[in-house]
> 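Structure incoming, see below.
Remember, it's 1-based here, ligands and their atoms both numbered in the order they're listed. The residues of the chain are indexed from 1 along the displayed sequence.
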Amino acid sequence: MFIHRRRGWEIAEREATPEAIVTGRRALLGGAAGAMALATGPAAAQWNIFGRRPNMPALAERAPLVAPRNPKYEAGRAITPEPEATTYNNYYEFGQSKSVYDEAQALKTANWKIELAGMLARPRSIGFEDLMKQVSLEERVYRHRCVEAWAMTVPWVGFPLADLVKLAEPASGAKYVVFTTLADKATMPGLRASWYPWPYTEGVTMDEAMNELAFLSVGLYGKVIPPQNGAPIRLTLPWKYGFKSAKSIVKITFTDQRPVNFWQALQDSEYGFWANVNPEVSHPRWSQAKERLLGTDEMVATKIWNGYGDQVASLYVNLKNERLFA
Ligand SMILES: Nc1nc2c(c(=O)[nH]1)N[C@H]1C(S)=C(S)[C@@H](COP(=O)(O)O)O[C@H]1N2
Ligand SMILES: [Mo]
């Protein structure tokens with residue numbers, strides 16, 4: 001279980017962890033009792049305050065994957081140090097702590113296929129390598145904002161989601177794109193948490209999928225994406241809370257029905273379909289006004305649409321009655 005020593009300015013990250021809702025274990029480790037257990041128990045030796053092991057194993061070398069940087073997407077703040085972005089992760093299929101990077105090395109990406117399904121003239125399966133031959137890769141530096149109020153700034157390598165949609169040739173009636181991610185019991189210990197609605201799924205509207213910002217990432221920091229960040233291919237939707245950016249995608253479905261995503265299925269009052277970043281709309285259990293930058297732990301103000309309003313605000317002008325920000 002993830003144990004977190006709290007600083008005055010922080011929300012307790014384990015309270016912010018959606019897992020706390022279902023297990024109700026929040027009370028057990030809250031407050032002074034929790035801090036004491038941490039200071040005296042074996043946990044104190046094993047974890048530092050952000051859940052990272054002090055004696056981190058060396059990370060596996062990754063193959064280079066270099067693509068020209070698209071200068072249009074400069075993030076306006078320092079890039080997060082690579083070891084932070086690759087060792088502080090949310091990937092519940094491998095466990096509920098932030099330190100799943102070593103467990104995640106069990107992910108098998110050889111012969112990866114993505115099923116293209118639903119409202120398509122030609123439903124089919126496409127091999128990852130085959131897909132790579134049909135897209136052109138670029139690098140984009142995007143800000144990432146987790147719903148738990150931590151944030152990072154990452155140079156992703158990938159291609160616009162719009163390019164994949166065009167390649168898939170959906171029927172004109174398709175309104176949503178749904179992403180299903182790998183659920184492999186043999187390699188993913190997190191799947192034993194049977195109260196979660198596996199497999200992890202996410203979805204966006206067709207308009208969102210065609211927006212220039214919507215990105216499919218296959219690399220980061222000039223190298224192939226590691227398992228813990230969603231190898232071999234994951235969504236990157238920088239104006240939405242991080243949980244929308246589904247990792248290790250195995251199926252993409254075009255449909256006219258709005259999907260119910262993983263976190264929404266678990267707790268609709270806290271995690272909805274749209275999940276656009278907005279500092280003024282609090283999570284029911286914490287404020288979204290600020291975010292903690294991985295690496296420096298600096299607290300900075302969160303911006304509406306995570307600062308990407310110029311690109312995405314127009315998508316939502318006719319959707320004022322929707323719950324756009326949670
Ligand atoms: N399949 C899958 N995708 C996922 C998650 C997950 O648990 N499983 N966590 C999400 C959350 S909450 C966040 S913040 C980002 C984290 O991405 P990172 O670990 O690369 O920073 O992945 C998202 N995609
Ligand atoms: Mo997240």
Side-chain angles (χ1 to χ4, degrees), residues 2 11 13-14 16-21 50-52 59 62 79-101 103-104 107 109 142-158 178-184 187-191 193 196-204 215-221 223-252 261-267 270-271 275 277 283 286 288 291-295 302 306 326:
F2 176 56
I11 56 161
E13 235 159 323
R14 56 178 321 285
T17 301
E19 164 256 346
I21 312 158
F50 296 121
R52 184 162 317 120
L59 294 174
R62 286 146 43 216
I79 288 178
T80 301
E82 181 180 345
E84 298 288 333
T86 57
T87 62
Y88 186 92
N89 301 100
N90 273 331
Y91 201 156
Y92 274 55
E93 288 86 337
F94 288 102
Q96 292 158 29
S97 93
K98 295 289 184 277
S99 307
V100 289
Y101 51 86
E103 285 84 352
L107 181 78
T109 56
Y142 275 166
R143 297 179 295 274
H144 173 100
R145 173 59 158 82
C146 175
V147 74
E148 299 163 345
W150 55 269
M152 61 181 182
T153 312
V154 171
W156 299 100
V157 175
V178 183
F179 301 84
T180 307
T181 78
L182 184 70
D184 175 28
T187 53
M188 297 174 140
L191 299 182
Y196 286 112
W198 311 110
Y200 195 104
T201 54
E202 261 305 340
V204 293
F215 204 59
L216 282 166
S217 296
V218 297
L220 75 177
Y221 297 89
K223 294 171 216 163
V224 168
I225 195 168
Q228 63 271 28
N229 293 94
I233 184 165
R234 54 110 25 107
L235 266 178
T236 308
L237 304 170
W239 73 100
K240 292 180 176 285
Y241 289 116
F243 68 82
K244 296 293 296 182
S245 292
K247 295 176 167 180
S248 309
I249 296 163
V250 292
K251 185 176 180 185
I252 301 179
N261 51 309
F262 178 85
W263 289 113
Q264 189 182 12
L266 193 70
Q267 190 72 2
E270 303 198 352
Y271 309 98
V277 174
H283 184 278
W286 60 86
Q288 295 291 25
E291 60 202 49
R292 174 176 64 84
L293 300 183
L294 295 191
T302 290
N306 202 22

> Starting from atom 6 (C) of ligand 1, what is the nearest protein heavy atom, named by residue and atom, and what distance separates them?
Tyr200 CE1, 3.4 Å

> Quick one: closest heavy-atom pair of Gly95 and Val100, and the distance?
O-CG1, 3.6 Å

> With heavy atoms of Met152 as the reference, note each atom of ligand 1 found under 4.0 Å away.
21 (O)

> Any atoms of ligand 1 less than 4.0 Å from a non-hydrogen atom of Cys146? List them with their elements.
14 (S)

> Could you note down all residue pairs passing salt bridge (Lys or Arg N to Asp or Glu O under 4.0 Å) where residues 238-248 supplies at least one of them, sequence neighbours left out?
Glu202-Lys244, Glu208-Lys240

> Backbone, side chain, both or neither: what part of Glu148 comes under 4.0 angstrom of ligand 1, heavy atoms only?
neither

> Quick test of your reading of the model: are Arg62 and Glu82 salt-bridged, counting only N-O distances below 4.0 Å?
yes

> Among all protein heavy atoms in this structure, tell me which lies nearest to atom 15 (C) of ligand 1, with the distance rounded to 0.1 Å.
Gly242 O, 3.7 Å

> Is there a side-chain contact between Tyr91 and Asn229 in this structure, where contact means two heavy atoms from C-beta onward sitting under 4.5 Å apart?
no

> Based purely on interatomic distance, does Glu93 place a nitrogen or oxygen under 3.5 Å from a nitrogen or oxygen of ligand 1?
yes

> Yes or no: does Ser245 have any heavy atom under 4.0 Å from an atom of ligand 1?
yes

> Given Met188, Lys247, Lys244, Glu202, which one has a non-hydrogen atom that is nearest to atom 16 (C) of ligand 1?
Lys247

> Give me the one residue out of His283, Glu148, Arg145 that meets side-chain hydrogen bond (donor to acceptor under 3.5 Å, both in side chains) with Gln288.
Arg145

> If you have a sec, work out which protein heavy atom is nearest atom 14 (S) of ligand 1 and how many Å separate them, to one decimal?
His144 NE2, 3.3 Å

> Kindly identify the option in Thr181, Asn90, Val250 whose heavy atom sits closest to atom 9 (N) of ligand 1.
Asn90

> For the pair Tyr142 and Phe215, name the ring-plane relationship: parallel under 30°, tilted 30 to 60°, perpendicular over 60°.
perpendicular

> Answer yes or no: is there a side-chain heavy-atom contact under 4.5 Å between Gln264 and Phe243?
no

> Quick check on Trp150 - does any of its heavy atoms sit under 4.0 Å from an atom of ligand 1?
yes

> With a 6.0 Å cut-off on ring centres, are Tyr200 and Tyr92 close enough?
no

> In sequence, state the C-alpha distance, the side-chain angles, and the governing distance for Met188 and Trp198, and then conclude on side chain to side chain contact (heavy atoms under 4.5 Å, CB included).
CA-CA 11 Å; Met188 297 174 140; Trp198 311 110; over 6 Å; no

> Return yes or no for this condition: an N or O of Asn89 is under 3.5 Å from an N or O of ligand 1.
yes

> By number and element, which atoms of ligand 1 are closer than 4.0 Å to a non-hydrogen atom of Phe243?
10 (C), 11 (C), 12 (S)

> Would you mind listing which atoms of ligand 1 come within a distance below 4.0 Å of any non-hydrogen atom of Asn229?
18 (P), 20 (O)

> Between Tyr92 and ligand 1, find which residue part has any heavy-atom pair under 4.0 Å and reply side chain, backbone, both or neither.
both

> Under the criterion side chain to side chain contact (heavy atoms under 4.5 Å, CB included), I'd like the reasoning laid out for Thr201 against Phe179: C-alpha separation, chi angles, the key distance, then a yes or no.
CA-CA 5 Å; Thr201 54; Phe179 301 84; over 6 Å; no

